[in-house]
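Only a predicted model underlies this, so the values are computations on that prediction, with no experimental measurement involved.
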Amino acid sequence: MKQCIRRGAALVLALAVTVTAACASNAMGWDVHTGRAPLSQGASLGKNVFWSDTYSDLRTEYYVEYSPNASVVPTVAYGSKVTDRVTLTGMAQQLESQGKRVVSGLNGDWYVLNTGAPTGLVVTDGVVRSTSYYNDSWAIGFLEDGTAFIGKPDISVTATFSGATMRVTDVNKTRTADDGKHEGGLYLYTEDYSTTTQHTSAGYDIILTPITGQEGDTVDVDLEGTDPDGSEADGTDGSPDEPAAADGESAADSQSLNEEEALAEGTREVSQVTGSLVLSDTLKVGGRVSCTVDQVLESSASIDIPAGKMVLTVNKQNNEWLLGMVKGLQPGDQVDIDVTSTDTRWNDAVTAIGGYYRIVTNGAVGPQTDNTANPRTAIGIKADGSVIFYAIDGHQSGYSVGATLTQVAQRLIELGCVDAVGLDGGGSTTIGATMPGNSSMEILNVPSGGSQRAVTNGIFLVSDLKPTGTLDHFYVTPYDSIVLSGAQVSLRATAMDQNGFTLSDSGSVAWSIRNGDGLVDVSGIFTAGSESGTTQVTAASSAAEGTASFTVVKTPDTIAVANQETGAPVTTLALDPMDTVDLTASATWKNMILTSQDTCYTWSADEAIGTV
């Protein structure tokens, strides 16, 4: 606080001019601010702010880097059903209510706006909750130990009954008719989909009960596929004119799916199902669910999906042979549902989520990119197997203008990724983490719509880890600050174990400057130096240490003066003789507010009219 006295005092705040050095990202621009924080075993948070010369504006990214381990594992979450839409916070709260510690969370796949159905593959606990709308779309899978891989699931689902093996077009997707635009055919629903089938047209519904008691046994199969018209299947995929998901549906907004692309609809067509399958009572890749027919219903609209059962269904607008096969089923008949993939890695995936765009392949950009700046969400895999869960905000001038898919791909390559997929972006882009010392996840970014969007699913890192009571490192806060030269910041070192839990007794630490300019006293008060750049401050004991990063700015772009009491901006003053007013100053650089105190500024006034 500075006090100005007398009438009409002219105020001058002087600062020397300098240029702040910055590293460059070829993808995003000048790296002007960086922050890092540990989260849990094998997981850490990164934040970077870039200055784009093209837009004369900022880009702000967050990412969680994850080294696969069996203690902190990826999981896909959604509402009570795969068609529910829930905010990322809501999904995290569901996981936390199950006793999980949510290390981090990221919004997931695209979805159909009027149904909420995800467009891509969803696997949790090794169970296929929903297949992809398009059999040539991409997904990222995770093994039990957290190891990640990217590929086309290329999943085939078949139903064998009455001597024929027929393709199931989709699992837990909106049923379509054979109308020339969509393929129609058989659809399969489980209670993961919804409480009802959500049908709006007539069809036949077969209620199935999985046969239990043989789970884990294997069965050798050698089946010839049959096309929906009764002819021998040739194993080729159809290509609809556009990727509309189903009657009356539209793809979710963020970066809308490219309707110029012709995509193969539904699961992969097969001419044969051969090999050894594992018997199960749930849908698993590489598995068979043998079911008994409970009921054969002719339905005019939606029906309930009974708990613990499946519904095999067909729209009445299909060929007579297929309709006849379905109508010919009787209670007590057996129907075998087989789920296979040409890529056997998917047999072992315990978690998977769709990623419509493959944006990095073998360390190179592509094949799918675009050139429109938007908020973006992506997941990349590094050469050493670690995973980057990435989000960059957009559509917010002065904070973050967003990035193209090409730029996101380039950025992920800069971070070391060799493969990556793009997830839903735009207003859906959301990333969160449970910060050290906290018990619940918080949202880190600023969603472009002004608040979190309710989305179809998210990908989380979760753990069942408990406090160890053993010091592993210190979490120094604030962990990322941007400050004016001469500013003071009070630092705190919190003792943490390796699982991200605080220790009750932190003991004493010694403070030091690891690199950069500035001073830090024995109580952890950091005073920024006179030169621009990055300064790291370290708290250390004999057993552990922790670091906080400061971006120091010597010359701000703007300085503003305000009334200390009211906060109102002050550009001129009109005071009676001997009147006083308390003033305060603030500064910005690259649209960012700098931490500062009034002592950081040089205050002066014409002595003939007043003092400051």
Side-chain angles (χ1 to χ4, degrees), residues 121 123-132 135 139 141 143-144 149 151-172 185-190 206-237 266-294 308-312 321-322 325-326 328-352:
L121 177 68
V123 174
T124 67
D125 299 321
V127 178
V128 176
R129 310 295 180 177
S130 186
T131 53
S132 302
N135 62 47
L143 305 182
E144 191 171 7
F149 64 94
K152 291 183 177 180
D154 206 20
I155 285 177
S156 165
V157 182
T158 58
T160 300
F161 58 90
S162 303
T165 297
M166 291 157 282
R167 174 192 177 215
V168 174
T169 303
D170 268 316
V171 175
N172 289 336
L186 295 172
Y187 282 74
L188 184 66
Y189 294 107
T190 71
I206 313 301
I207 310 300
L208 302 174
T209 297
I211 299 172
T212 59
Q214 297 178 316
E215 293 87 352
D217 293 347
T218 60
V219 57
D220 294 327
V221 299
D222 187 3
L223 304 171
E224 297 291 335
T226 305
D227 275 343
D229 61 359
S231 62
E232 184 177 333
D234 61 8
T236 59
D237 294 315
T267 60
R268 178 175 56 89
E269 291 187 11
V270 291
S271 58
Q272 287 185 313
V273 180
T274 61
S276 182
L277 301 178
V278 179
L279 295 177
S280 176
D281 60 355
T282 56
L283 299 174
K284 297 186 176 183
V285 182
R288 164 175 284 189
V289 182
S290 293
C291 303
T292 300
V293 175
D294 285 358
K309 300 183 185 294
M310 299 180 183
V311 178
L312 186 66
W321 181 86
L322 179 59
M325 290 291 290
V326 173
L329 283 167
Q330 299 293 322
D333 287 350
Q334 181 167 317
V335 176
D336 293 326
I337 306 296
D338 297 334
V339 184
T340 59
S341 172
T342 58
D343 183 348
T344 57
R345 291 180 300 175
W346 297 101
N347 295 14
D348 299 319
V350 296
T351 296

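Leu208 and Lys309 make their closest contact through O-CB, 3.1 Å (heavy atoms, listed as atom of the first residue, atom of the second, distance). The two residues Arg345 and Gly151 have their closest heavy-atom pair at NH2-CA, 4.1 Å. Nearest heavy-atom pair across Ser162 and Met325 is CB-CE, 3.7 Å. Nearest heavy-atom pair across Trp346 and Pro153 is NE1-CA, 3.4 Å. The shortest non-hydrogen separation linking Arg167 to Leu186 is O-CB, 3.9 Å. The two residues Val335 and Ala159 have their closest heavy-atom pair at CG1-CB, 4.3 Å.
Among residues two or more places apart in sequence or in another chain, the side chain to side chain contact (heavy atoms under 4.5 Å, CB included) test is passed with Thr218 by Ser276, Val278. For Asp125, the side chain to side chain donor-acceptor pair (under 3.5 Å) test picks out no residue, with sequence neighbours left out. For Leu143, the side chain to side chain contact (heavy atoms under 4.5 Å, CB included) test picks out Asp145, Thr147, Phe149, Asp348, with sequence neighbours left out. Here Thr165 pairs with Thr158, Thr160, Leu223, Val273 under the side chain to side chain contact (heavy atoms under 4.5 Å, CB included) rule; sequence neighbours left out. Annotation: side chain to side chain contact (heavy atoms under 4.5 Å, CB included) contacts of Val219 (sequence neighbours excluded): Val221, Leu277, Leu279, Arg288.
Listed by first and then second residue, the salt bridge (charged side-chain N to carboxylate O under 4.0 Å, His left out) pairs that reach into residues 272-283 come to none, sequence neighbours excluded.
Residues Leu312 and Phe161 have side chains in contact (heavy-atom distance under 4.5 Å, counting atoms from C-beta outward). Within the 4.5 Å cutoff, the side chain of Met310 has heavy atoms near those of the Val289 side chain.
Ion pair Asp154/Lys152 not flagged as a salt bridge, since none of the NZ, NE, NH1 or NH2 atoms sits closer than 4.0 Å to an Asp/Glu carboxylate oxygen.
A donor-acceptor pair is defined here as one N or O able to donate and one able to accept, closer than 3.5 Å; no such pair exists between the side chain of Thr131 and the backbone of Asp170.
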Item to complete: Mind running side-chain contact (heavy atoms from CB on, under 4.5 Å) on Thr292 and Gln334 for me, showing each step along the way?
Response: CA-CA 5 Å; Thr292 300; Gln334 181 167 317; 5.8 Å; no

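No side-chain donor from either of Thr274 and Asp222 sits under 3.5 Å from a side-chain acceptor of the other.
One distance of note links CG of Leu329 with CD1 of Ile207; it measures 12.0 Å at 0.5 Å rounding.
None of Val171, Leu121, Ile155 except one satisfies the side chain to side chain contact (heavy atoms under 4.5 Å, CB included) rule with Ser132; the exception is Leu121. Checking Val123, Asp338, Thr190 one by one against Leu283, the side chain to side chain contact (heavy atoms under 4.5 Å, CB included) holds for a single residue, Thr190.
Enclosure of atom CD in Glu215 by more than 12 non-hydrogen atoms of other residues, nucleotides or ligands within 6.0 angstrom is indicated.
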